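Some notes on the structure that comes next.
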Amino acid sequence: MLSTNSYYYKSALSSTKNQERRCIFLNFWQVFTKLCNAHGESATCVLSKLELSKGNANRWKNGGGPTLATAVKIAQYFNITLDELIAEKNGKK
């Protein structure tokens, strides 16, 4: 039987892993909309084409970032690498 302390530890550890997967995209909504505009498409249109929910947009607007799988989808859609997507976020592109 797990003690209460181990439950909270595992929950915190799981939460930390999720944050680490998303931490490189702190201002992702700005990056995403910039890419959409550069390609002459609305963010809503791109989300629809990638079969992503509007919940993603809301999370990104509130400072969240995509999962790795979603970031890969977006990079492939815009024909850029993940490195370029990250560089775009950091203003290096």
Side-chain angles (χ1 to χ4, degrees):
M1 186 165 144
L2 291 174
S3 72
T4 304
N5 290 340
S6 64
Y7 170 76
Y8 287 115
Y9 174 74
K10 288 181 181 180
S11 294
L13 185 60
S14 175
S15 177
T16 302
K17 286 181 183 178
N18 287 335
Q19 289 172 352
E20 286 174 3
R21 287 194 312 214
R22 298 175 190 260
C23 70
I24 58 173
F25 297 108
L26 294 176
N27 296 312
F28 188 74
W29 180 248
Q30 292 171 350
V31 172
F32 182 69
T33 55
K34 182 178 175 183
L35 286 167
C36 292
N37 291 336
H39 286 83
E41 298 184 81
S42 71
T44 305
C45 180
V46 173
L47 285 171
S48 178
K49 287 180 180 180
L50 294 175
E51 299 179 350
L52 298 172
S53 72
K54 291 182 182 179
N56 286 299
N58 289 331
R59 184 173 50 254
W60 300 341
K61 286 177 186 178
N62 292 321
T67 62
L68 181 57
T70 300
V72 168
K73 264 185 166 180
I74 293 167
Q76 288 174 339
Y77 181 82
F78 289 117
N79 199 28
I80 61 175
T81 66
L82 282 176
D83 287 341
E84 291 170 322
L85 187 61
I86 294 167
E88 188 76 38
K89 175 254 175 206
N90 289 324
K92 294 179 183 174
K93 189 160 181 157

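None of these values were measured; they are calculated from a predicted model.
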**OP:** Find out whether T70 and L50 are in side-chain contact, i.e. whether some heavy atom of one side chain is under 4.5 Å from a heavy atom of the other.
**Re:** no
Subject >> Test item: E84 side-chain N/O and T81 main-chain N/O as donor-acceptor pair under 3.5 Å >> reply: yes
Subject >> Considering all heavy atoms, the nearest A43-F32 contact >> reply: CB-CE2, 3.6 Å
Original post:
Less than 4.5 Å apart, any side-chain heavy atom of I74 and any of V46?
Top reply: no
Original post:
If only atom types and distance count, is the side chain of S48 paired as donor or acceptor with the main-chain N or O of T44 below 3.5 Å?
Top reply: no
Subject >> Euclidean distance, K61 NZ relative to K54 NZ, rounded to 0.5 Å >> reply: 9.5 Å
Original post:
At their closest point, which heavy atom of A71 faces which heavy atom of L85, and how far apart are they?
Top reply: O-CD2, 3.8 Å
Original post:
Heavy atoms, side chains only, cut-off 4.5 Å: are L47 and W60 in contact?
Top reply: yes
**OP:** Measure up the H39 and F78 rings against each other and bin them: parallel (under 30°), tilted (30 to 60°), perpendicular (over 60°).
**Re:** tilted
Original post:
What is the minimum heavy-atom distance between A57 and W29, and which atoms define it?
Top reply: CB-CZ3, 3.6 Å
